[in-house]
Amino acid sequence: MTNVKMPALSPTMTSGTLAKWLVKEGDNIKSGDIIAEIETDKATMELESIDEGIVNKILFKEGEQNIEVGTVIAKIGDDDQSDDKIISNLPSINKDENPILNKNTITVREALRDAMAEEMRLDHNIFVMGEEVAEYQGAYKVTQGLLEEFGEKRVIDTPITEQGFAGLGVGAAFGGLKPIIEFMTFNFSMQAIDQIINSAAKTLYMSGGQMGCPIVFRGPNGAASRVAAQHSQCFASWYAHCPGLKVVSPWSASDAKGLLKSSIRDPNPVIFLENELLYGEKFEVNEIDDLIPLGKANILRKGNDITIVAFSIMVGKALEVAETLSNENISCEVIDLRTIKPLDIDLIINSIKKTNNLVVCEEGFPFAGISSEIISQVQELAFDWLDSPIKRITGLDVPLPYAENLEKLALPQANDIVEGVLSTLNRSAKE
Amino acid sequence: MSKSKKNILSKPILRRKKPINIIKKNSEINILNKEHLIKLYQEMLLIRRFEEKAGQLYGMGSIGGFCHLYIGQEAVVVGMQSVSKEGDSVITSYRDHGHMLACGMDPKGVMAELTGREGGYSKGKGGSMHMFSKDKNFYGGHGIVGAQVPIGVGLAFSHKYKNDGFVCMTYLGDGAVNQGQVYESFNMSALWNLPVIFIIENNKYGMGTSVDRASAGSSLADRGKAYGIPGVEVDGMNVFSVREAGKEALDFTRSGKGPYILEMKTYRYRGHSMSDPAKYRTRTEVDAVRQQKDCIENLKEVLQENKVTDQELKNIDSEIKSLVTNASDFALESKLPDENELLTDIYL
């Protein structure tokens with residue numbers, strides 16, 4: 001008897017949905033036969049059998065969600081033992097009983113798609129362009145359904161030609177359109193960085209204010225999962241360094257939506273940094289239609305002892321830390337930057353005036369990073385309000401390694417934030 | 001789905017297997033009346049005199065930084081713009097003063113930008129390589145070799161998207177043709193049948209490196225062959241040849257058949273920039289072109305054949321001279337930009 005297990009079909013997949021069985025108990029299958037369709041965080045994939053034999057047991061019904069990778073989903077053997085009929089004992093899926101589905105929740109992926117769709121309905125000059133955005137429905141399914149609704153004129157698959165289509169987007173923006181250019185990941189934007197900096201960001205200034213460039217460059221940024229150095233990098237400080245660009249990096253789904261809508265409406269070039277690991281995360285949404293202004297950070301948790309500033313995926317970790325430390329009677333104020341540039345330094349300063357301590361978190365490299373910038377501004381503007389030196393929690397100064405243990409060591413973890421907070425408060429108490 | 005696949009991914013048709021040879025016909029002369037001929041002459045002469053003045057002002061220290069003069073190549077942009085339609089967009093690299101004037105931009109504003117004054121097209125913040133005029137559909141003036149090419153394709157994309165019937169004239173030099181993004185642009189423009197004409201101004205030298213030492217293959221007009229883009233070599237020293245080739249290309253592209261390449265065989269008399277001693281070529285070579293092929297001298301002869309009197313020619317000369325003097329005076333009298341301008345125009 002051989003076990004068929006839920007496979008890991010993408011670097012970030014932790015569980016999957018059994019979309020469809022293509023075999024039934026008692027079927028005789030050969031190696032290479034497609035036995036099921038599995039829905040991952042990115043796509044629906046076909047599952048091929050490696051083994052030969054008779055399907056003895058099917059352990060999950062079609063439609064079953066959140067089956068963890070590695071869980072046995074079927075058994076294949078030499079004989080027909082399908083009379084066990086384990087499947088009939090399984091509880092049926094009742095969506096009404098699923099608590100997460102009952103709340104008004106939305107994934108970051110859906111939020112981003114909805115933001116684009118809503119804006120595209122309002123303004124016919126908006127189009128989406130990038131690799132696999134149309135027929136494939138997005139490499140990470142972010143543009144799912146857009147081709148169907150808006151057609152091939154406005155949802156355009158490009159060849160693999162980042163510098164070319166980034167430049168094309170800039171020209172289209174000069175020509176009066178409003179392009180949304182998707183980079184499959186921001187790692188590939190390095191191919192196009194000349195067009196982004198020299199053409200998109202600087203032309204307004206170089207033309208004495210005549211020629212703006214209303215364009216959004218968006219896509220996943222930062223480390224994903226085990227994709228190693230060339231595919232795991234945070235570009236926040238690269239782009240925030242350059243005048244003329246706005247840089248946005250949301251954490252929650254409603255922020256993703258509200259900020260993307262604002263970015264599309266903004267007359268300036270906007271770098272919109274998403275995070276692959278957050279795409280599948282569900283968040284509660286209250287106001288569906290809210291635009292969130294660029295340049296405004298958000299206090300997600302109020303506290304008195306220390307301020308933790310974070311953006312993108314580090315926000316979740318910061319909130320987790322704040323919750324943990326509340327059990328130790330440490331009260332953390334957590335600020336989600338939401339927009340990196342323009343930076344909402346006022347909100348940070350006001351928080352420091354209350355807590356007198358600061359820890360800044362970012363996933364990217366430490367040298368000349370966003371945290372360095374925040375720390376520099378804070379010491380210029382609020383030196384006298386600080387009780388302790390400011391601590392930064394960042395990725396290490398190393399190309400991201402592949403090995404699981406090394407990757408984890410290179411990236412800032414919740415525990416690093418805990419240690420940062422404790423050491424900061426410790427010094428604060430001493431001095 | 002199959003329909004969309006067909007439209008998006010339809011293979012470009014190889015429209016002409018072999019590029020036709022250098023167009024040298026002067027049939028254009030017969031269809032142009034005296035006024036047309038004079039207009040072409042005036043425009044070319046304006047660029048020549050303007051650039052000479054810019055060279056002088058550079059020598060006096062009134063113009064700083066990089067300054068790339070167009071002297072010698074005037075027939076290319078004047079010929080092309082004379083057959084284009086109002087509303088067609090234009091984009092080029094950094095040897096761009098001639099293009100601005102040919103697009104109808106005010107010589108005063110261009111010269112004042114060269115001197116970095118508030119009366120310049122970019123309020124003194126862009127300089128020689130970075131000037132724009134949305135009114136005249138001139139989209140720069142770009143300082144990075146080849147980077148204007150995908151942007152030109154983007155302008156063409158916007159023409160197609162808006163279905164406005166206009167074409168983007170994308171100028172590039174022989175030095176730019178080995179940049180990867182030029183081929184990314186060829187590919188996308190052919191793939192999507194975009195209304196763009198790539199005008200390669202082959203002046204034989206990319207800075208100090210001759211085209212023979214930089215570019216493999218025998219013809220730059222052929223560089224679009226793999227993408228099915230027709231290409232023609234044109235005598236770029238002859239404004240009539242330029243016009244004839246330009247018309248053909250524009251008709252082709254405007255009728256929805258996609259991109260077209262024109263390789264303009266031309267020559268620049270001055271160095272790459274003002275600081276270039278031009279040791280990579282001989283004085284004899286430059287003089288030979290000047291004496292035998294000069295686009296303005298040749299046109300002058302045609303004018304004389306068409307009964308334009310010496311007095312008329314003299315009058316044109318002095319008109320142009322005073323236009324340039326006025327531009328230069330304006331550029332020197334215009335104030336330096338207000339210091340408050342330093343931090344404006346970064347964001348809208």
Side-chain angles (χ1 to χ4, degrees), chain A residues 124-125 127 129 134-135 147-148 151-177 179 191-192 194-195 197-215 243-246 266-269 294 341-342, chain B residues 1 3-5 7-9 89 91 113 118 120-127 129-135 139-144 147-162 168 170 179-185 187-189 191-192 194 337 341 344-348:
Chain A
H124 287 269
N125 283 331
F127 68 94
M129 175 175 266
E135 297 201 7
L147 174 65
E148 194 184 0
E152 62 189 23
K153 182 183 171 189
R154 299 179 67 194
V155 185
I156 303 149
D157 281 326
T158 64
I160 301 166
T161 186
E162 282 87 5
Q163 192 179 18
F165 69 71
L168 188 155
V170 171
F174 290 161
L177 304 183
Q191 294 271 352
D194 172 65
Q195 290 290 358
I197 306 295
N198 273 321
S199 305
K202 294 179 182 171
T203 301
L204 180 69
Y205 192 82
M206 296 192 304
S207 67
Q210 274 188 80
M211 254 181 32
C213 188
I215 190 169
L245 292 177
K246 292 187 178 181
D266 200 277
N268 300 288
L294 305 188
K341 197 177 191 183
Chain B
M1 201 62 99
K3 192 188 165 208
S4 71
K5 244 184 183 152
N7 284 346
I8 292 182
L9 303 173
S89 52
I91 190 164
E113 189 59 38
E118 66 174 12
Y121 266 95
S122 301
K123 299 192 271 189
K125 298 201 261 189
M129 301 183 285
H130 313 113
M131 268 182 262
F132 310 81
S133 169
K134 265 201 148 169
D135 288 346
Y139 289 87
H142 291 266
I144 307 296
Q148 80 279 15
V149 181
I151 302 176
V153 171
L155 287 163
F157 179 90
S158 71
H159 291 313
K160 184 165 182 182
Y161 193 97
K162 292 185 279 190
C168 179
T170 300
Q179 285 279 31
Q181 59 186 323
V182 171
Y183 300 91
E184 299 188 29
S185 303
N187 182 49
M188 289 187 296
S189 63
L191 196 61
W192 299 326
L194 300 178
E341 280 292 340
T344 62
D345 304 325
I346 302 167
Y347 295 98
L348 278 168

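First the proteins, then the strands, lettered A, B, ... as listed; each starts at 1.
For A/N268 (side chain) and B/L348 (main-chain N/O), a donor-acceptor pair under 3.5 Å exists by modelled atom type. A/Q195 places a side-chain N or O within 3.5 Å of a backbone atom of B/A147 that can act as its donor or acceptor partner. Using modelled atom types, one side-chain atom of B/K162 and one backbone atom of A/G175 make a donor-acceptor pair closer than 3.5 Å. Formation of a donor-acceptor pair under 3.5 Å by the A/Q210 side chain with backbone atoms of B/F132 is found in this model.
By the side chain to side chain contact (heavy atoms under 4.5 Å, CB included) test, A/M129 pairs with A/F127, A/I156, A/T158, A/F165, A/L168, A/I181, B/F157, B/W192, sequence neighbours left out. Applying the ring pair (Phe, Tyr, Trp, His ring centres under 6.0 Å) criterion to B/Y347, with sequence neighbours excluded, gives no partner residue.
Residue B/E113 does not touch chain A at all, counting heavy-atom pairs closer than 4.5 Å. The contact between A/N125 and chain B is made by backbone and side chain atoms together, counting heavy-atom distances below 4.5 Å. Residue B/S189: no heavy atom, backbone or side chain, is found under 4.5 Å from chain A. Of the atoms belonging to A/L204, heavy atoms from both backbone and side chain fall under 4.5 Å from chain B. Contacts of B/I346 with chain A are made by both backbone and side-chain atoms, with heavy-atom separations under 4.5 Å.
The NZ atom of B/K125 lies 9.0 Å from the OG atom of A/S207; values are rounded to the nearest 0.5 Å.
Heavy-atom minimum distance, A/G171 versus B/L155: O-CD2, 3.4 Å. Here the closest non-hydrogen pair linking A/E162 and B/E184 is N-OE1, 4.0 Å.
At a threshold of 4.5 Å between non-hydrogen side-chain atoms, the residues B/K134 and A/F174 do not count as touching.
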Would you please test B/N187 and A/T161 for side-chain contact (heavy atoms from CB on, under 4.5 Å) and show each step? CA-CA 9 Å; B/N187 182 49; A/T161 186; 5.6 Å; no
